[in-house]
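Values below: every heavy atom of this structure, side chains too, minus hydrogens, waters and symmetry copies.
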Amino acid sequence: MKYGFVKVAAATPNIRVADVKFNTERILEGIGEAESSGVQLLGFPELCVCGYTCGDLFGQDVLLDGCERALAEIAGATKGKKMLVFVGLPFRFAGVLYNCAAALSGGKVIALIPKSNLPNYAEFYEKRNFTAYRGENVRFAWNGEEVVFGNKIIFADEKEKYFTVAAEICEDLWVPQSPSVSHALAGANIIVNLSASDETTGKAEYRRLLVRSQSAKIVAGYVYADAGEGESTTDMVFSGHDMIAENGEILAESKLFENGMIVSEIDVQKIAFERRRIDTFRGTSEAGYETILIKADQSGDTFSRDVPALPFVPSGDKSIEDRAELILTMQSEGLAKRLEHTNSKSAVIGISGGLDSALALLVAVRAFRKAGRDLKDIIAVTMPCFGTSERTLNNSLRFMEKLGVTARTIRIADSVRSHFKDISHDESVRNSAYENAQARMRTMVLMDIANDEDGLVVGTGDLSELALGWATYNGDHMSMYGVNASVPKTLVKYLIGYEAARLGGDVQDVLTDILNTEISPELLPPVKGKIAQKTESLVGPYELNDFYLYYAIRWGFTPKKVCFLAKKAFAGRYGEAEIKKRLADFYRRFFSQQFKRSCLPDGVKIGSVTLSPRGDWRMPSDAVAALWLNELE
């Protein structure tokens with residue numbers, strides 16, 4: 001169980017209605033298969049020991065006695081396996097029959113969780129045979145052991161403090177007040193649902209929506225094990241629709257009408273972090289719950305989850321298009337509102353021929369078109385200086401022309417040299433003063449044009465640059481509204497690619513060349529006409545930095561865990577040494593550059609990660625990265 005990843009499984013065995021011996025053998029096979037896969041938590045369907053569709057056979061002692069004998073046998077099979085297993089069966093308690101989930105671990109039945117909500121409508125008739133239970137937990141002796149009976153139970157691993165589990169049964173998910181809500185408030189990070197949900201047209205989509213929304217609503221992992229082939233088809237058909245979800249995301253899902261087992265890992269550390277981050281779980285508690293300790297396998301090193309290398313970029317062409325359209329709309333809406341509120345007659349943007357300024361100008365064009373304003377009131381300014389290459393300058397000019405905005409070219413080299421003279425700086429000394437004087441001169445030019453034109457300076461800097469502090473303080477660091485402030489560099493590329501394809505023609509040609517241009521601040525003179533300053537060779541590949549930003553900052557993962565995930569995501573592309581080196585660089589820069597983020601201009605939030613000092617990220621500028629760096633070392 002590395003880094004909080006709990007390997008879970010949902011299994012739908014082939015069964016025969018009322019053939020307890022046959023069903024037990026299939027369940028035991030499932031437990032064996034799960035053990036070979038390193039599973040630590042396994043859920044089987046509702047009433048799977050005998051079958052959900054037994055009807056009035058549930059009133060027969062022969063069936064019930066057989067189920068209890070089977071329960072003892074199945075429990076015994078968990079001895080030495082360090083796995084928490086849930087199986088469904090009918091169980092008599094205090095003279096009443098309950099639909100139960102039996103929790104098995106270490107060779108014992110450690111608890112019986114009775115169903116809280118019984119469906120008694122349409123094709124369901126559970127109240128004919130079973131009784132709902134909503135009482136307090138009690139203990140009773142069974143098979144020589146003490147067993148807890150009740151539905152206010154949390155199962156907690158002795159070593160992984162965030163591996164906490166509770167169970168509910170089928171209909172419990174479909175009712176307005178699901179037990180899993182109380183379970184989550186009581187501390188359960190994973191919910192197991194033992195279900196027998198028959199299949200009807202459109203029900204699979206609705207069931208999937210329920211599982212996703214419930215896992216998101218209670219910020220939990222959700223393991224849904226559904227009855228399948230083998231149940232009676234007298235009036236119903238069951239599809240074995242198993243699902244594993246985590247905070248609104250489906251991690252694994254079975255094909256309908258194919259019995260078997262699905263396996264994935266639920267990140268309980270991630271769940272615990274998110275619950276701490278939001279207010280919902282603070283100061284909440286549920287009365288009457290008790291905790292039962294379990295021993296889960298800690299030795300497994302198998303990891304099957306897909307780790308996307310670009311966590312900010314959705315997968316699939318349709319998803320990228322939908323997300324891009326939404327983000328561009330959000331950015332342009334934010335800018336349009338700010339222009340309206342400030343009564344600005346124009347928008348002023350510095351155009352470098354690079355990615356960020358291209359995106360900012362595309363956003364401005366959208367905002368003006370939506371407002372019905374003349375695109376000539378967008379004043380796009382390119383300001384070539386010592387490091388500007390012919391390629392980026394030409395792209396800037398072509399881009400502004402093709403979009404139909406007002407284009408200005410202001411060569412700032414003489415102004416910068418005059419400034420060097422004022423501060424007694426030798427131009428041959430190409431230090432930070434040499435570089436930053438250019439960036440600050442450009443910002444001053446834009447600000448003064450905005451004052452002269454009754455306009456507003458639109459910032460171009462992106463989220464990745466803010467995280468790394470890759471901006472000149474009071475230079476490109478400053479604007480009157482930052483439209484890219486929460487857009488990471490890896491996503492900037494996809495947004496430009498989407499807009500390029502949408503606009504087509506000459507604009508697409510220019511944007512394609514911009515996308516293929518080396519990322520650079522262009523503050524040092526070109527070498528033989530080529531860009532001399534390559535950003536990613538200095539601060540590291542943006543795909544790595546954005547990966548670190550997502551997992552280390554958004555989710556608060558430890559450096560070891562971030563490194564572990566990066567090795568999975570970038571296998572074959574970056575070695576461990578490079579990943580660790582760049583991660584250490586990321587932490588150093590992120591901590592040391594907080595002072596730049598503490599005074600950012602306003603900017604629209606478009607995703608779950610933003611570094612605005614007024615929004616999601618508040619950090620002292622003097623915080624030290626020693627703990628994080630020490631863990632890496």
Side-chain angles (χ1 to χ4, degrees), residues 8-13 15 20-21 23-31 34 39-52 54 58 63-79 81-94 96-116 126 129-133 137-155 165-170 172 179 183 188 190-196 223-227 290 292-296:
V8 303
T12 300
I15 69 163
V20 174
K21 183 177 185 300
N23 299 344
T24 299
E25 291 171 353
R26 303 292 82 75
I27 291 169
L28 294 178
E29 289 172 359
I31 292 174
V39 169
Q40 297 149 311
L41 172 63
L42 172 62
F44 286 98
E46 178 181 15
L47 297 169
C48 61
V49 173
C50 58
Y52 177 79
C54 286
F58 286 123
L63 182 72
L64 302 179
D65 290 341
C67 287
E68 288 199 31
R69 289 193 300 270
L71 180 60
E73 182 179 356
I74 297 167
T78 66
K79 186 174 182 180
K81 288 184 168 53
K82 293 185 178 180
M83 182 193 310
L84 178 60
V85 179
F86 290 90
V87 295
L89 79 161
F91 194 88
R92 295 161 294 191
F93 180 74
V96 179
L97 185 63
Y98 294 98
N99 179 346
C100 289
L104 319 174
S105 181
K108 302 177 182 179
V109 178
I110 57 176
L112 285 162
I113 300 97
K115 192 170 182 177
S116 301
E126 286 191 30
N129 304 114
F130 299 104
T131 299
Y133 187 84
N137 296 340
V138 295
R139 281 174 163 75
F140 72 104
W142 183 81
N143 200 31
E145 301 286 346
E146 183 180 73
V147 179
V148 181
F149 184 92
N151 38 38
K152 293 183 177 181
I153 303 170
I154 304 293
F155 303 91
V165 184
E168 62 184 8
I169 304 174
C170 199
D172 290 343
H183 296 339
I190 300 177
I191 305 298
V192 178
N193 185 304
L194 287 66
S195 182
V223 181
Y224 187 90
D226 190 24
E290 61 181 290
I292 297 177
L293 295 179
I294 60 171
K295 294 181 179 179

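Evaluation of the salt bridge (charged side-chain N to carboxylate O under 4.0 Å, His left out) rule for Glu168 yields no partner, not counting sequence neighbours. When the side-chain hydrogen bond (donor to acceptor under 3.5 Å, both in side chains) test is applied to Ser116, the partners found at least two apart in sequence or on another chain are Asn151. Annotation: side-chain hydrogen bond (donor to acceptor under 3.5 Å, both in side chains) contacts of Asn193 (sequence neighbours excluded): Tyr222. Partners of Phe86 according to the ring pair (Phe, Tyr, Trp, His ring centres under 6.0 Å) rule, which considers only residues two or more places apart in sequence or in another chain, are Phe155. Tyr133 meets the ring pair (Phe, Tyr, Trp, His ring centres under 6.0 Å) test with Tyr98, Phe149; sequence neighbours excluded.
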List, one per line, each side-chain donor-acceptor pair under 3.5 Å for residues 138-145, sequence neighbours excluded.
| from | atom 1 | to | atom 2 | distance (Å) |
| --- | --- | --- | --- | --- |
| Arg139 | NE | Glu146 | OE1 | 3.2 |
| Arg139 | NH1 | Glu290 | OE1 | 3.0 |
| Arg139 | NH1 | Glu290 | OE2 | 3.4 |
| Arg139 | NH2 | Glu290 | OE1 | 2.7 |
| Trp142 | NE1 | Glu68 | OE1 | 2.8 |

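Nearest heavy-atom pair across Ala188 and Ile154 is CB-CD1, 3.6 Å. Annotation for Ile74 and Leu28: closest pair CA-CD2, 3.9 Å, computed over non-hydrogen atoms. Between Ile153 and Ala166, the shortest heavy-atom contact is O-CB, 3.6 Å. Of all heavy-atom pairs between Val147 and Ala111, the closest is CG1-CA, 3.8 Å. Pairing each heavy atom of Ala101 with each of Ile169, the nearest pair is N-CD1, 3.6 Å. The nearest pair of heavy atoms linking Leu47 to Pro90 is CD2-N, 3.4 Å.
The environment of Lys108 atom NZ is sparse: at most 12 non-hydrogen atoms of other residues, nucleotides or ligands sit within 6.0 angstrom.
Atoms NZ and OG, on Lys79 and Ser105 in that order, are 13.0 Å from each other to the nearest 0.5 Å. One finds the CD1 atom of Ile31 at 7.0 Å from the CE atom of Met83 (value rounded to the nearest 0.5 Å). For the atom pair OG1 of Thr78 and CD1 of Ile294, the computed distance is 11.0 Å after rounding to the nearest 0.5 Å. Atom CG in Leu112 sits 7.0 Å away from atom CG in Leu89 (nearest 0.5 Å). Interatomic distance, Leu63 CG to Cys50 SG, rounded to the nearest 0.5 Å: 5.0 Å. The CG atom of Asn99 sits 10.0 Å away from atom CG of Asn129, with the distance rounded to the nearest 0.5 Å.
Side-chain contact between Tyr52 and Pro45 is absent, with no heavy-atom pair separated by less than 4.5 Å. Contact of the Val49 side chain with the Leu71 side chain is not registered, since no non-hydrogen atoms from C-beta on lie closer than 4.5 Å. Contact of the Thr131 side chain with the Leu97 side chain is not registered, since no non-hydrogen atoms from C-beta on lie closer than 4.5 Å.
A donor-acceptor contact shorter than 3.5 Å is absent between the side chain of Asn23 and the backbone of Ile15. A donor-acceptor pair under 3.5 Å is absent between the side-chain atoms of Gln40 and the main chain of Ala296, judged by distance alone.
Of the candidates Ile110, Val39, Val8, Ile110 is the only one forming a side chain to side chain contact (heavy atoms under 4.5 Å, CB included) with Leu84.
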**OP:** Decide yes or no on side-chain contact (heavy atoms from CB on, under 4.5 Å) for Val223 and Leu42, but give the supporting numbers first.
**Re:** CA-CA 8 Å; Val223 181; Leu42 172 62; over 6 Å; no
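A salt bridge does not link Glu73 to Arg69: none of the charged side-chain nitrogens sits closer than 4.0 Å to a carboxylate oxygen.
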